[in-house]
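A short write-up of the structure that comes next.
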Amino acid sequence: FLRNWGQHGSGDADLYHPTSIFLDMNGTDVYEVYIADRYHHQVKVYDSNGTFKRKISEHGNQDHQLNEVTGVGIGPDDLLYVSSKNNNKIKVFETNGTYVRSISLSGNPYDLSFYGDKLAVSLHGHHKVQVLDKNGSEISTIGTGTASQSEGEFNHPVGLSFDANGYLHVADSQNHRIQVFDSNGTFKRSYGMYGDAGVGPYSFQITPENTFFISDIERHRVFEIDENGSLIRVIAKHKGNSLGFDINNPRSAYLGPDNLVYIADTNHHRIQVYDRNGTFVRKFGSSGTGDGQFNQPYSVIVSSDDEIFV
């Protein structure tokens with residue numbers, strides 16, 4: 001354990017259900033850490049040492065305010081894009097917190113991903129994905145807004161990510177599959193049945209080889225697929241016990257610079273580490289509020305200098 005920042009409370013530096021993390025890099029060094037502080041309705045910013053620097057926005061429904069923050073990221077224009085779920089908008093700020101503009105959506109946003117100047121947003125409760133330019137002009141809306149198993153339709157989409165070739169991969173969680181679209185929103189293919197079990201995809205991570213790690217909360221496993229959706233290997237899975245190699249409800253997986261896979265083992269309140277072949281390496285953390293302990297970790301990121309952010 002190195003350090004932590006934030007605690008449950010109402011102070012400026014405190015957090016209440018942090019949902020996602022974004023690392024703003026300066027070369028290979030972490031410059032600032034942006035955290036989606038969901039139920040404080042703010043983005044909290046810290047330096048790489050965990051020192052609180054500033055908060056962005058406040059709770060409300062005015063243009064500059066946020067209402068339930070679920071996603072955060074910096075776009076190609078170096079502006080901060082924030083999913084304000086209950087406002088049905090992406091709010092855009094300068095990184096110093098100055099409000100710039102709002103992007104209106106046709107539902108409540110969850111995750112977001114950039115490919116060049118294109119922005120894709122999953123509308124979780126409205127069963128759609130919108131693809132926009134960075135100014136907020138709509139390029140396409142994928143899905144009709146009614147939960148459906150048809151191609152190009154969704155049932156509660158959550159995580160999404162563009163790959164290196166501009167294809168958009170969407171975790172269609174309640175349809176137990178992943179759907180793939182081109183950057184304009186045209187359906188290409190879907191995948192999700194491996195053996196006799198479907199998937200409950202929650203989040204993605206793209207590797208430098210353009211493969212994907214999928215966190216499957218339905219079947220309690222993490223697996224790697226290629227860009228065509230073919231299974232490469234299962235990295236970790238639920239084995240019905242609490243040993244080091246058992247996972248339960250994994251919310252994210254991240255390939256570190258050491259070529260190891262770091263998994264947020266959410267319901268076991270710990271981080272587990274595997275090699276690329278699925279061999280268990282180590283675990284750390286336990287349930288609690290002390291240093292090095294967790295309460296249902298959702299997101300894990302490893303920086304280029306091998307520091308692990310949870």
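Hydrogens, waters and symmetry mates are skipped; everything else that's a heavy atom, side chains included, is used.
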I'd like to know if the side chain of Thr266 and the backbone of Pro297 have a donor-acceptor N/O pair within less than 3.5 Å.
yes
ask   = Is Glu32 salt-bridged to Arg54, going by a charged N under 4.0 Å from an acidic O?
value = yes
**Study point:** Distance-only donor-acceptor check, side chains Ser150 and Ser148, under 3.5 Å
**Key:** yes
Identify whether NZ of Lys or CZ of Arg in Lys237 sits under 6.0 Å from the centre of the six-membered ring of Phe280 and within 45° of that ring's axis. no
Geometric class of the Tyr110/His124 ring pair [parallel <30°, tilted 30-60°, perpendicular >60°]: tilted
With no hydrogens and no angle check, is any side-chain donor or acceptor of Ser83 less than 3.5 Å from a backbone partner on Val72? no
Using side-chain contact (heavy atoms from CB on, under 4.5 Å), reason through Ser122 and Lys128 one step at a time and then give a plain yes or no.
CA-CA 6 Å; Ser122 58; Lys128 293 186 287 188; over 6 Å; no
Practice problem: Examine the side chains of Thr186 and Asn184 and answer whether a donor and an acceptor come within less than 3.5 Å of each other. | Solution: no
For residues Phe93 and Leu23: do they belong to one hydrophobic cluster (side chain heavy atoms under 4.5 Å, members Ile, Leu, Val, Met, Phe, Trp, Tyr)?
no
**OP:** Please step through side chain to side chain donor-acceptor pair (under 3.5 Å) for the pair Asn87 and Asn61, ending with a clear verdict.
**Re:** CA-CA 6 Å; Asn87 292 136; Asn61 297 309; 2.8 Å; yes
### Task
Establish whether Phe212 and Leu160 are linked, either directly or via other cluster members, by ILVMFWY side-chain heavy-atom contacts under 4.5 Å.
no
query: Do the charged groups of Asp37 and Lys44 touch, with an N to O distance under 4.0 Å?
result: yes
Handout entry: Side chain Ser84, main chain Asn67, donor-acceptor under 3.5 Å
Key = yes
| Judged by atom type as modelled, is there a donor-acceptor pair below 3.5 Å linking the side chain of Gln130 to the main-chain atoms of Glu138? | no
Any chance the side chains of Thr144 and Glu153 put a donor and an acceptor closer than 3.5 Å?
yes
Verify whether one side chain among Ser57 and Lys91 offers a donor that lies under 3.5 Å from an acceptor in the other. no
Do the two ring centres, one from Tyr46 and one from Phe22, sit under 6.0 Å apart? no
query = Relative to the ring of Tyr298, is the ring of His17 parallel (under 30°), tilted (30 to 60°) or perpendicular (over 60°)?
reply = perpendicular
Scanning both residues in full, the closest heavy-atom pair of Leu119 with Leu112 reads CD1-CB, 3.9 Å
(Q) Is it the case that the side chains of Gln42 and Glu58 hold a donor-acceptor pair, with the cut-off being a distance below 3.5 Å and no angle test? (A) no
Nearest heavy-atom approach of Val261 to Asp275 is CG2-O, 4.3 Å
Looking only at heavy atoms, the pair that brings Gly152 and Ile142 closest together is O-CG2, 3.7 Å
Expected output: side-chain Asp133 to main-chain Gly136 donor-acceptor under 3.5 Å:
yes
Q: In sequence, state the C-alpha distance, the side-chain angles, and the governing distance for Gln205 and Leu255, and then conclude on side-chain contact (heavy atoms from CB on, under 4.5 Å).
A: CA-CA 8 Å; Gln205 193 226 348; Leu255 181 65; 3.4 Å; yes
Could you tell me if the ring centre of Phe154 sits under 6.0 Å from that of His126? no
Check your understanding: Salt bridge check: are Glu224 and Arg276 linked by an N-O gap of less than 4.0 Å?
Key -> yes
Next on the checklist: Using 30° and 60° as the class boundaries, would you call the ring planes of Tyr99 and His64 parallel, tilted or perpendicular?
Outcome noted: perpendicular
- Query: Checking Ser20 side chain against Ala36 main chain: does a donor-acceptor pair fall under 3.5 Å?
  - Reply: no
Any donor-acceptor pair under 3.5 Å linking the side chain of Ser252 with the backbone of Ala264? no
Between Asp163 and His169 the two heavy atoms that sit nearest each other are OD2-NE2, 3.0 Å
Between Ser102 and Lys89: side-chain donor-acceptor atoms closer than 3.5 Å: no
Between Val30 and Ser48, the two heavy atoms sitting closest are O-CB, 3.5 Å
Given the rule that I, L, V, M, F, W and Y join up when any side-chain heavy atoms are under 4.5 Å apart, are Tyr167 and Val129 in one cluster? no
Residue set satisfying side chain to side chain donor-acceptor pair (under 3.5 Å) with Asp258, at least two apart, ordered chain then number -> Tyr262
For Tyr274 and Gly278, the nearest pair of non-hydrogen atoms, with its separation, is CD2-O, 3.6 Å
> Between Asn96 and Thr98, does a side chain to side chain donor-acceptor pair (under 3.5 Å) hold up when you go through it step by step?
Replying inline: CA-CA 6 Å; Asn96 63 12; Thr98 301; 2.9 Å; yes
Residues passing the ring pair (Phe, Tyr, Trp, His ring centres under 6.0 Å) test with Phe114, sequence neighbours excluded, are Tyr81
Interatomic distance, NZ@Lys283 vs CG@Asp246, rounded to 0.5 Å, equals 9.5 Å
Output for pair (Leu168 CG, Lys188 NZ), nearest 0.5 Å, gives 12.5 Å
Checklist entry - Does a side-chain heavy-atom distance below 4.5 Å link Val45 with Ile56? => result yes
With a 6.0 Å cut-off (strictly less than), is the heavy-atom count around OH of Tyr31, excluding the residue itself, greater than 12?
no
task: Using the salt bridge (Lys or Arg N to Asp or Glu O under 4.0 Å) rule, take Arg221 and Asp216 through it: C-alpha gap first, then chi angles, then the decisive distance, then the call.
output: CA-CA 5 Å; Arg221 58 187 176 175; Asp216 179 1; 2.7 Å; yes
Applying side-chain contact (heavy atoms from CB on, under 4.5 Å) to Asn155 and not counting sequence neighbours gives His127, Ala147, Asp172, Gln174, Asn175
